[in-house]
Amino acid sequence: MKYVVRDKIFAIGDDYWIDDEHGRHAFLVDGKALRLRDTLELKDRNGNVLITLRQKLLGLRGAMTIERDGAELATVRRKRLSLLRNHYRVMLAEGTELDVSGRILDREFVVEYEGELLAHISRRWLTLRDTYGVDVVREDADAALLIAVAVCVIRMAEKEREDG
């Protein structure tokens, strides 16, 4: 399933829809304004919170947490830097590790588990400016989690570039 994300909407306090490949609203990203740290909520089309993204405050510079039902589901942090690609590690609470690599700022990257492609994030499929697609490759994959991972790593890469 492919999802369309509008790219210029990452300001805290902004809300925006992520549409499925048929143009229907699939998820709402709710940017929580006036918080001490970055907080985003990924909601279903009925307004139910599926996932909460939070910037970690202490100890883990450049890390964000992904929470579901008040419990930490995953931590996202930068893995390593090479000349051409950015790498992020997503550590799920049960110990599984996902690898995110590619050109994050160009919106051309993948999310993999032990070398198996779970999602491909790309601008190439879309003709609309300021959008990118999230193609969830595996049917049994958690689409909300993979979209949350994409939003996290893009937000972290943008913040690193600004702080840079």
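Owing to the predicted nature of the structure, the values given are computational and were not obtained by experimental measurement.
- By the rule that hydrophobic residues join a cluster once side-chain heavy atoms approach within less than 4.5 Å of another member, Val110 and Met91 end up as members of separate clusters.
- Residue Ile154 holds its CD1 atom at 7.0 Å from CD1 of Ile121, rounded to the nearest 0.5 Å.
- For the atom pair Leu92 CG and Leu145 CG, the distance stands at 6.0 Å (nearest 0.5 Å).
- In this structure, Lys2 does not pair ionically with Asp19, as no charged nitrogen and carboxylate oxygen lie closer than 4.0 Å.
- Looking only at distances, no side-chain donor or acceptor of Arg107 sits under 3.5 Å from a matching main-chain atom of Tyr132.
- Pairing each heavy atom of Asp20 with each of Tyr3, the nearest pair is CA-CD2, 3.9 Å.
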**Message:** Between Ile18 and Leu42, does the side chain to side chain contact (heavy atoms under 4.5 Å, CB included) criterion hold? Intermediate values first, please.
**Reply:** CA-CA 10 Å; Ile18 296 173; Leu42 186 65; 4.2 Å; yes

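- In the hydrophobic clustering of ILVMFWY residues, with side-chain heavy atoms under 4.5 Å counting as a link, Trp17 and Val49 come out apart.
- Between Ala144 and Phe27, the shortest heavy-atom contact is CB-CE2, 4.0 Å.
- The distance from atom CG of Leu28 to atom CG of Asn48, rounded to the nearest 0.5 Å, is 11.0 Å.
- The hydrophobic cluster containing Val111 also contains Tyr113, counting ILVMFWY residues as joined when their side-chain heavy atoms lie under 4.5 angstrom apart, directly or transitively.
- Using a 4.0 Å cut-off between charged nitrogen and carboxylate oxygen, Arg89 and Glu112 do not count as a salt-bridge pair.
- Judged purely by distance below 3.5 Å, without hydrogens or angles, the side chains of Arg78 and Tyr88 pair a donor atom with an acceptor atom.
- Rounded to the nearest 0.5 Å, atoms CG (Asp135) and CG (Leu117) are 8.0 Å apart.
- In the model, Thr65 has no side-chain atom that pairs as donor or acceptor with a side-chain atom of Glu72 under 3.5 Å.
- In this structure, the separation between CE on Met64 and OG1 on Thr52 is 10.5 Å, given to the nearest 0.5 Å.
- Using modelled atom types, one side-chain atom of Asp44 and one backbone atom of Asn46 make a donor-acceptor pair closer than 3.5 Å.
- Note that SG of Cys152 and CD of Gln55 are 10.5 Å apart. Values are rounded to the nearest 0.5 Å.
- Crowding of Glu94 atom CD: a count of heavy atoms from other residues, nucleotides or ligands under 6.0 Å exceeding 12.
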**Request:** Please report the C-alpha distance between Glu114 and Glu97 in whole Å, then the side-chain angles of each, then the deciding distance to 0.1 Å, and finally whether the side chain to side chain contact (heavy atoms under 4.5 Å, CB included) criterion is met.
**Result:** CA-CA 8 Å; Glu114 294 185 350; Glu97 183 178 319; over 6 Å; no

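- The backbone N or O of Leu53 lies less than 3.5 Å from no partner atom in the side chain of Glu41, so there is not a single donor-acceptor pair.
- Classification of Arg54 and Glu67 as a salt-bridged pair holds, one side-chain N sitting under 4.0 Å from a carboxylate O.
- Among Val100, Leu118, Val90, the single residue meeting the side-chain contact (heavy atoms from CB on, under 4.5 Å) criterion with Leu146 is Leu118.
- Counting all heavy atoms, side chain and backbone alike, Glu108 lies closest to Arg123 at OE2-N, 3.1 Å.
- Remark: the backbone N or O of Ile66 is not paired with any side-chain donor or acceptor of Arg68 at under 3.5 angstrom.
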